[in-house]
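Notes for the one structure printed next.
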Amino acid sequence: MKIQINEPSLPKSGALLIGVIPDRKLLATGEQIDKLAQGALSRALQAGRFTGQKGQMIEVLAPAGTGLSRVLLYGLGKPEEIDPLTLENCGGDAVKRVLLSGEKDLAIACDPVPGGKVSLADAAARIAFGAKLGSYRFDKYRTKLKPDQQPSLVNVNVLVKGAPAARKLHQPLEKLADGIFFARDLVTEPANVIYPESLAKECKKLEKLGVRVEILGEKAMEKLGMNTLLMVGKGSVRESQLVVMQYHGAPKSSQPVIFAGKGVCFDTGGISIKPAGGMEEMKWDMGGAAAVIGAMHALAGRQAKVNAIGIVGLVENMPSGEAQRPGDVVKSMSGQTVEVINTDAEGRLVLADVIWYAHTKFKPRFIVDLATLTGAIIISLGAEYAGLFASDDKLADQLFAAGKAEGEKVWRLPLDDAYDKMLESHIADMANVTAERGAGSITAAQFIKRFTNNVPWAHLDIAGTAWTKKDKPTIPKGGVGWGVRLLNRLVADNFEGK
Ligand code: BES
Ligand code: MN
Ligand code: ZN
């Protein structure tokens, strides 16, 4: 599917979307079409409960006098409340409505909205971006799709006055979409296809964007003493990997930011094995790594003026005769020892070594880690917000603002010495889980904090947000690529050219 932004001219065929604001008010292009169709749209607007509220949509088929095969009337809601995300949803909803309809061409009229706050150029760029995001499909394993089950839509044309300005704003968003799609694919792929080595190979693809990609295998990690990571992968026939992706878009003197990701390509729980029901979901336990890879893809793709390093720890958590046992004591790269009470609390063991490696090898400005870390965060926040934990208030605020702007919302939970104490072990420096019932997500964050060595750090628990069971306008059911937008915005708003 191709997306273009062009100067307005009334299409004479295909599908056309026009905006409507309350109460049943057509925007400029709608008025024009209504005239040609001798009032067909006004009559349609009176025929039902559609009033132009945000997200409402009705379809008028083949209105006479227009040549169009369908007109979509889309509710934008109150002008002063129209924000970039509303416009992305408009693009996404439009594409979804016609994707399989038999329609090849969709035009979307981006008209000025009296009283609206988003500039026309930005509005068009956001509509185009949303259209792209909403078109995402993962069909590669379907061999039996009939022609009428396959997308028919080929061209999306966003019509706006001052198209060149809109195109310019759209450019970096296209690169962002590439990063998001890359992450969605990785999250959605099954674990027999995406395992540590094959995922590392996917990272190598970033080299063509100018990213330096270094892969460390088990031998190299053994030398570094990354035993908490290695012991998680011990039960697997797949070799564990550490991938370091370096993108330099700023002068050498500019301190890098580091994004670290949990990349558990499949989490059976290990010897502390999970129940069978729903275990297939654990193929997306590498959603944190996917976000980091996707963000690096986006930053390099749009040539962001920043030095950014993405580090992902890739393992498979399997039970076997060689797997680590509950009660084993393992020495991490930091030198601290961990009693592994529960082998299913493996993400923190991976991140312990990844984060220690990150700040000892590089002198980062900060580290943000993303991980599908705990089921408990789903109990706390459901699928709407990711959990945010931070040792640095400013970084926390920046992440909060970035999340709000991008629709990847985060909510901060506390860290406290009292929670840290809950990780005490009888025989080692710490246990990997608490013996108490509560605060499962917080104690997991406290565990990771012990490996940050006072580098400004934030942790995002994305167990509830990495995968969506609901179809959304710009996020089809499945892998979200959650975090790519957030990290990209964090950089764009705070760390570019600094
Ligand atoms: N990968 C899981 C967390 C998870 C659960 C992600 C559901 C996505 C959906 C993690 O490795 C895990 O198993 N966590 C345990 C920790 C417990 C053993 C302390 C959990 O949440 O049950
Ligand atoms: Mn687990
Ligand atoms: Zn896990």
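These numbers come from the heavy atoms of this one structure, side chains and all, not from hydrogens, waters or symmetry mates. Remember, it's 1-based here, ligands and their atoms both numbered in the order they're listed. Values in this document were obtained by computation on a predicted structure and should not be read as measured data.
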Next on the checklist: For the Mn ion (ligand 2), give me the closest N/O/S atom belonging to Asp267, just the atom name.
Outcome noted: OD2
Next on the checklist: For ligand 1, which is the ligand I care about here, please tell me if Arg348 has any N or O atom under 3.5 Å from one of the ligand's N or O atoms.
Outcome noted: no
Item to check | Name of the residue among Glu496, Glu406, Glu408 meeting salt bridge (Lys or Arg N to Asp or Glu O under 4.0 Å) with Arg489 | outcome: Glu406
Checklist outcome for this item: Checking Phe138, Phe182, Trp284 against Val187 for side chain to side chain contact (heavy atoms under 4.5 Å, CB included), the one that qualifies is Trp284
Item to check | Nearest protein heavy atom with distance in Å, relative to atom 2 (C) of ligand 1 | outcome: Asp267 OD2, 3.6 Å
Next on the checklist: Could you tell me, atom by atom, which parts of ligand 1 come under 4.0 Å of a heavy atom of Glu346?
Outcome noted: 11 (O)
Item to check | Mutual orientation of the aromatic rings belonging to Phe366 and Phe259 [parallel < 30°, tilted 30-60°, perpendicular > 60°] | outcome: tilted
Item to check | ligand 1 to Thr374 polar contact by distance, N or O atoms, under 3.5 Å | outcome: no
Checklist entry - In a check of side chain to side chain donor-acceptor pair (under 3.5 Å) between Glu189 and each of Arg184, Lys140, Lys283, which one passes? => result Lys140
Checklist entry - What atom name does the N, O or S atom of Asp285 nearest to the Zn ion (ligand 3) carry? => result OD2
Checklist entry - Strictly by modelled atom types, are Ser272 and Thr343 linked by a side-chain donor-acceptor pair under 3.5 Å? => result yes
Checklist entry - What atoms of ligand 1 come closer than 4.0 angstrom to any heavy atom of Val433? => result 19 (C)
Checklist entry - Under 4.0 Å from any heavy atom of Thr372, which atoms of ligand 1 are there? => result 1 (N), 2 (C), 3 (C), 6 (C)
Checklist entry - What is the ring orientation for His459 with Trp457, classed by angle as parallel under 30°, tilted 30 to 60°, or perpendicular over 60°? => result parallel
Checklist entry - Hey, do the aromatic rings of Tyr136 and Phe181 have their centres closer than 6.0 Å? => result yes
Next on the checklist: Quick check: closest heavy atoms across Ala458 and Leu388, and the distance to 0.1 Å?
Outcome noted: CB-CD1, 4.1 Å
Item to check | Non-hydrogen atom of Lys262 closer than 4.0 Å to ligand 1 | outcome: yes
Checklist entry - Mind checking whether Trp284 has a heavy atom under 4.0 Å from ligand 1? => result yes
Checklist entry - Any non-hydrogen atom of Glu281 lying under 4.0 Å from ligand 1? => result no
Checklist entry - Non-hydrogen atoms of Ile378 versus ligand 1: any pair closer than 4.0 Å? => result yes
Next on the checklist: Under a 4.0 angstrom heavy-atom cut-off, which atoms of ligand 1 come close to Ala463?
Outcome noted: 6 (C), 8 (C)
Checklist entry - Hey, which atoms in ligand 1 end up nearer than 4.0 Å to a heavy atom of Asn342? => result 18 (C)
Checklist entry - Do any N/O atoms on Gly375 end up under 3.5 angstrom from N/O atoms on ligand 1? => result yes
Next on the checklist: Can you confirm whether some protein heavy atom lies under 4.0 Å from atom 14 (N) of ligand 1, or whether none does?
Outcome noted: yes
Checklist entry - Is the Mn ion (ligand 2) less than 2.8 Å from an N/O/S atom of Glu346, whether that atom is in the backbone or a side chain? => result yes
Checklist entry - Given side chains that start at C-beta, do those of Thr372 and Trp467 come closer than 4.5 Å, heavy atoms only? => result no
